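What you see is a predicted model, and the numbers here were worked out from it, not measured in a lab.
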Amino acid sequence: MNKIIDLTMELTTETQSYPGDSKIEILRNKTYQKDGYTLFDVKMNMHVGTHIETMMHLSEDLRYIKDIQLEYFYGSATLISQPNEKVITWDEKYNTMNIEKIVLIHTGFDVYQNTDTYFLEHPILSESFIDKLIEKGIKVIGIDFPSPDYFPYLIHKKLFENEIFIIENLTNLKSLIKYESFIFSALPLKIQTEASPVRAVAIIKK
């Protein structure tokens, strides 16, 4: 049996939203003891927790996430590890790496999830780093922090202009450092929105 490593932030009523966005609400609307069945209502914006963003988020692109081929979000992935760095830059050693269509960036900043530090002091991706990944033809970039940049979100826009999807708020990427290869899966909901929560996992083949 293959090993599955969970890379997803847990969603609870304590899970923080990006500053200025609405908070998640989880309500037990029906209980088995009273109603004969259990039912939860969930109200959340599509950027809470681990999620995929599409071009519609910061452009005039009209495609909803339901319109994006699922093949983008499943396949062999490359892990780039730069723990504790504030700006992620290109290292010459990456030139000899096999860069897959899906690239995950490990910084270890996920330890600050659900704190003010997480949103106010997170790392960023340098433009030169992104330029190199664009040259390599990547299609998805996943990060263990809340955003690849700050306002006015120029890195976001550059990624979207190059048809690269963004997965934010990954966690536990440190668990992948010891593996030379793995399959990544983060399938979105089939929903008419600009983004979607996902259950992101790495699959280690035995």
Side-chain angles (χ1 to χ4, degrees), residues 7 9 16-22 44-65 67-69 72-73 77-95 97 99-171 173 184 186 188 193-198 200:
L7 309 174
M9 183 190 295
Q16 290 185 332
S17 298
Y18 199 85
D21 291 347
S22 57
M44 60 183 287
N45 73 71
M46 294 290 97
H47 298 257
V48 177
T50 309
H51 64 278
I52 295 172
E53 297 178 347
T54 68
M55 293 68 189
M56 181 186 277
H57 181 45
L58 285 173
S59 78
E60 295 182 354
D61 193 308
L62 298 179
R63 288 173 294 171
Y64 296 111
I65 199 160
D67 301 321
I68 307 301
Q69 292 179 325
Y72 282 108
F73 312 119
T78 299
L79 180 72
I80 290 178
S81 182
Q82 291 196 23
N84 305 314
E85 295 293 333
K86 296 300 291 183
V87 180
I88 307 306
T89 58
W90 188 260
D91 190 298
E92 290 301 314
K93 66 183 179 183
Y94 303 150
N95 291 326
M97 287 176 59
I99 304 295
E100 300 285 359
K101 299 295 185 183
I102 301 172
V103 173
L104 309 182
I105 311 299
H106 164 249
T107 68
F109 203 76
D110 53 317
V111 299
Y112 296 105
Q113 286 176 354
N114 291 323
T115 71
D116 291 339
T117 297
Y118 187 66
F119 292 105
L120 300 178
E121 302 177 27
H122 64 78
I124 61 172
L125 306 180
S126 69
E127 186 171 7
S128 59
F129 179 79
I130 291 302
D131 286 341
K132 286 289 188 178
L133 292 180
I134 291 171
E135 288 179 17
K136 298 289 186 180
I138 76 161
K139 291 301 179 185
V140 173
I141 188 165
I143 55 178
D144 60 358
F145 44 99
S147 174
D149 54 5
Y150 293 91
F151 182 84
Y153 308 117
L154 299 180
I155 296 299
H156 260 91
K157 292 175 182 178
K158 188 162 193 171
L159 289 167
F160 290 152
E161 287 168 2
N162 287 275
E163 296 280 314
I164 298 171
F165 301 94
I166 305 170
I167 302 178
E168 297 174 340
N169 300 326
L170 289 167
T171 192
L173 292 183
F184 178 76
T193 54
E194 87 297 347
S196 172
V198 296

query: Under 30°, 30 to 60°, or over 60°: which ring-plane class applies to F129 and Y94, parallel, tilted or perpendicular?
result: perpendicular
task: Heavy atoms only: give me the nearest A195-T193 pair and the separation to one decimal.
output: O-OG1, 2.6 Å
- prompt: Do Q82 and P123 come close enough that some side-chain heavy atom pair is under 4.5 Å?
  reply: no
- line: Those residues at least two apart in sequence (or on a different chain) that pass ring pair (Phe, Tyr, Trp, His ring centres under 6.0 Å) with F73 are F165
- request: Could you check if a side-chain atom of L58 sits within less than 4.5 angstrom of a side-chain atom of E53, using non-hydrogen atoms only?
  value: no
message: Within this structure, what is the NZ-OG1 distance for the pair K136 and T78, rounded to the nearest 0.5 Å?
response: 10.0 Å
query: Do you know which two heavy atoms are closest between F109 and K86, and how far apart they sit?
result: CE1-NZ, 4.4 Å
- prompt: Donor-acceptor pair, Y150 side chain versus H122 backbone, under 3.5 Å?
  reply: yes
- request: For H57, check ring pair (Phe, Tyr, Trp, His ring centres under 6.0 Å) against everything at least two apart and list the hits.
  value: H47
Heavy-atom pair with the smallest gap, counting every atom of S147 and D149: OG-O, 2.6 Å
- request: To the nearest 0.5 angstrom, please state how far the CG atom of D144 sits from the CD1 atom of I105.
  value: 9.0 Å
message: Just to verify, what does E85 make a salt bridge (charged side-chain N to carboxylate O under 4.0 Å, His left out) with, not counting sequence neighbours?
response: none
statement: Hits for ring pair (Phe, Tyr, Trp, His ring centres under 6.0 Å) against H156, two or more places apart or cross-chain, chain-then-number order -> Y153, F160
Heavy-atom pair with the smallest gap, counting every atom of A186 and V198: O-CG1, 3.7 Å
CG on L104 to CG on L7, rounded to 0.5 Å: 7.0 Å
message: For S22, is there any backbone N or O sitting under 3.5 Å from a side-chain donor or acceptor partner on S17?
response: yes
field: Any residue meeting salt bridge (charged side-chain N to carboxylate O under 4.0 Å, His left out) with D91, in chain and number order, not counting sequence neighbours
entry: none
task: Give the intermediate values and the outcome of side-chain contact (heavy atoms from CB on, under 4.5 Å) for residues I130 and I141.
output: CA-CA 10 Å; I130 291 302; I141 188 165; 4.2 Å; yes
- request: Supply the atom-to-atom distance I134 CD1 to E127 CD, rounded to the nearest 0.5 angstrom.
  value: 8.5 Å
statement: One should read off an interatomic distance between E194 CD and I65 CD1, to the nearest 0.5 angstrom, of 8.0 Å
field: Atom pair CD/NE2 of E168 and H51 - distance to nearest 0.5 Å
entry: 4.0 Å
message: Minimum heavy-atom separation for S126 and V87, please, with both atom names.
response: CB-CG1, 3.9 Å
- prompt: Do you know which two heavy atoms are closest between I80 and V103, and how far apart they sit?
  reply: CD1-CG1, 4.0 Å
- prompt: Can you find a pair of side-chain heavy atoms, one from K158 and one from D131, that are under 4.5 Å apart?
  reply: yes
query: Any side-chain heavy atom of F184 within less than 4.5 Å of one from I167?
result: yes
task: Could you note down all residue pairs passing side-chain hydrogen bond (donor to acceptor under 3.5 Å, both in side chains) where residues 108-119 supplies at least one of them, sequence neighbours left out?
output: D110-T171, Y118-N169
